[in-house]
Amino acid sequence: MKRTVLIAVLILSAWAPSRADEGMWLPALISRRIDDMGAKGAHLSAEDIYSINRASLKDAVVLFGSGCTGELVSDSGLLLTNHHCGYSFIQRHSSVEHDYLKDGFWAGCRRDELPNPGLTVSFLERMEDVTAAVLAGYDESMPEAARDSIVARNSAALIKHASDPSKGVKARVEALYYANQYYLFVYRVYRDVRLVGAPPSSIGKFGGDTDNWMWPRHTGDFSIFRIYADADNNPADYSPENVPYVPRKFFRINRGGVKDGDFTLVYGCPGSTREYVMSEEVRYIGEVSDPRKIALRTLRLDIQKKYMAQSQAVRIQYSSKNANVANAWKKWQGESGGIRRLGTVAAKQEYERRFEQWAKGTRYEGLMARLGALYARREPYYLAYEYLNETVRSIEILRFASGVRTALKAGRPVQGLADSFFKDYFQPIDEETFAALMNAFGKDMPEDFQPEYFKRKLASYGSIEAWRDDLFARTLFTDRARVCALDSPEGLSGDPALEMFDAFDSWYTQSLLPVIRDVAKELKQANREYMKAQMEFEPQKEFYPDANLTLRVAYGKVAGYSPADAVQYAPVSTLKGIMEKDNPDVFDYDVPQALRDIYAAGGCENQPVCFLATNHTSGGNSGSPVLDADGNLVGINFDRVWEGTMSDLVFDPDYCRNISLDIRYLLFVVERIGGAAWLLDEMVFTY
Ligand code: ARG
Ligand code: GLU
């Protein structure tokens, strides 16, 4: 009797739909999730999603560049991704006469499309478990170094065998589950990718950093490219002779849109997650690293904000820098807050206690203690390293000094470097930042962790401010003419900015790096064991591998959330909300006149703009296709809500939401703002 109940419970827990919508699944193993997906509303088979024998959804998804995702939407190579993914390419084509970032760009026909040297898109041809081949010749009695070299040698052979440079076929062997498994990924890489269209930044980046990581969102975050191929549809360098690539599969567009509760699937390339790490790593991130880095960046952002408010010129100079600093700053706040709210550290500790009980008498006995000791040993060194990055290496003049010297050593001219540095440099900000950051360094770093150089300087000057004043007075790097006159690195060694940069650099390489590197080696091995052990500890649980920029499927549904007591967010935003935010005096909310006019003419208040869903995504999923239950395109993923950014470590179904552009807003902007209806003619709609 007891046994039957136990078996029934086991079967039920294996078959019940997974709690919530956590997971970034490997496409080749999606058959294991297909029942759960079906239970949540999908009408797709595993073969529809991933097949190597016939065209499947995966054939319409690409890794765009080296950190975003894109999707095919026509039989002539038309590709969609985010505006922020195409940003640097749009920028490179821009000049004062043609400011495509500001005004947008719309090719009038295929001849107008702009080539982008260096930009590639990678199609996944197939993925394959190669664990046995990668570990051939290895047995567990061997030392770690032997394992590393066997893995490297076997991987190189597999890669060589699977690659075909003449056809643009590139292979990679990726470690999954902390190197308990290895997969071969074979890609076809196209390298003639042209810019077709981009909205003005006042649409593509609407809301800027004010709205970044936030809901309600109204950003038209898309750009349009086209893949070109040679006459045989193979990858080729740019040539006017190339023709539009004919994909095996492209997405049809569902103009019916989405509503609360609808099934959604995100198919893309999330970059990096750490869902299975020990409580100690999560505690470090949530309670030490994130709060400290947030505090340091708050100092910088406050100083920037103060000067930006005083001058239009400074605001322009620092808007992009400010955006970069603020992006992670905002994300970390959501991450540490989410970890705190969820009690993730305590929950992991509880799990670890149960794990240790189970591990008694097995080869995993003592593993938690080993891991804990490694994290403890690493922590002060790693924190010091993070401080180095967020203080010394964030002082503009020091970085510039080092960059100029590198260029001179390589025999490169420094004029261009100097131009772009001084164009956006406001020295009072940097001076105040220097004092704020270095004071924080002195206050926060334990005495025995401070470099001798730092202590010496502080002792001889009496204060950070006096040190700073002298450094800025004596360095040549604040003087554009003197920098431009440099033609060799000779004679730079006495410069106080370089001296400081170098002193901290050698502190890093001599005092921090050896320990960090040592521990990393041991952690790699211990985490590999811990991952394996967790899979044995919970044999009924389906583990998805941590993200590593390989193609994944995440599924969920359209849903709002409640960010705070008495606040409820609806999942769909509309054009009405854009007009509510409209403010010509606020850069981030300055709606383009063309859009104001369309709105004023009436009839499109309810035009959908963005929507929220419960898909488990991460950085790298930007530009990913968001598909409906039948695999048709309904949106383009571009962000998460900040209260859910701890999903890189722990997923909370109540707060974790991805943010997507509604595909209908893309169609609206292409046609009515871009006047590029010819692009819609190539797309295929479900009705
Ligand atoms: N938060 C998104 C990401 O992590 C979008 C960043 C670009 N947009 C911006 N306003 N900075 O990449
Ligand atoms: N904006 C992110 C990206 O560029 C996606 C947002 C996220 O981190 O989920 O990949």
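Both ligands and their constituent atoms are indexed starting at 1 by order of listing. Keep in mind that this is a model prediction, so the values were computed, not measured.
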Does Asp639, backbone or side chain, put an N or O under 3.5 Å from an N or O of ligand 1?
-> yes

Starting from atom 12 (O) of ligand 1, find the nearest protein heavy-atom neighbour and note its residue, name and distance.
-> His84 NE2, 3.9 Å

Can we say the SG-SG distance for Cys68 and Cys85 is below 2.5 Å?
-> yes

Distance under 6.0 Å and angle within 45° of ring axis: Arg315 vs Phe587 = yes

Which of the atoms of ligand 2 are close to Ser622, meaning less than 4.0 Å from one of its heavy atoms?
-> 1 (N), 2 (C), 3 (C), 4 (O), 5 (C), 10 (O)

His218-Asp211 side chain donor-acceptor pair, cut-off 3.5 Å | no

Give the numbers and elements of all ligand 1 atoms closer than 4.0 Å to a heavy atom of Trp213.
-> 1 (N), 4 (O)

Any chance you could lay out the ring pair (Phe, Tyr, Trp, His ring centres under 6.0 Å) test for His83 and Tyr87, step after step, and finish with the verdict?
-> CA-CA 6 Å; His83 186 262; Tyr87 200 81; 5.7 Å; yes

Going by the salt bridge (Lys or Arg N to Asp or Glu O under 4.0 Å) test, name the single residue among Arg300, Lys305, Lys306 that passes it with Glu432.
-> Lys306

What do you reckon, are the aromatic ring centroids of Phe422 and Phe400 less than 6.0 Å apart?
-> yes

Output yes when the distance from some N or O of ligand 2 to some N or O of Phe638 is under 3.5 Å, and no in every other case.
-> yes

For atom 11 (N) of ligand 1, closest protein heavy-atom neighbour = Asp209 OD2, 3.1 Å

Taking everything shown except Lys557 itself, do over 12 heavy atoms lie less than 6.0 Å from its NZ?
-> no

Please indicate whether any nitrogen or oxygen in Cys68 is less than 3.5 Å from any nitrogen or oxygen in ligand 2.
-> no

May I ask you to check whether Lys205 has an N/O atom sitting below 3.5 Å from an N/O atom of ligand 1?
-> no

Sub-4.0 Å atoms of ligand 2 with respect to non-hydrogen atoms of Trp213 = 7 (C), 8 (O)

Specify the protein heavy atom at minimum distance from atom 7 (C) of ligand 2: its residue, its atom name, and the distance to 0.1 Å.
-> Arg640 NE, 3.3 Å

Does Gly208 have a heavy atom less than 4.0 Å from any atom of ligand 1?
-> yes

Do ligand 2 and His84 have nitrogen or oxygen atoms that lie under 3.5 Å from each other?
-> yes

Carefully, step by step, assess Arg292 and Glu390 under the rule salt bridge (charged side-chain N to carboxylate O under 4.0 Å, His left out).
-> CA-CA 10 Å; Arg292 301 286 195 102; Glu390 293 293 326; over 6 Å; no

Between Ser289 and Glu386, does any side-chain donor sit less than 3.5 Å from a side-chain acceptor?
-> yes

When distances are taken from atom 5 (C) of ligand 1, the protein heavy atom at minimum range is Asn212 OD1, 3.4 Å

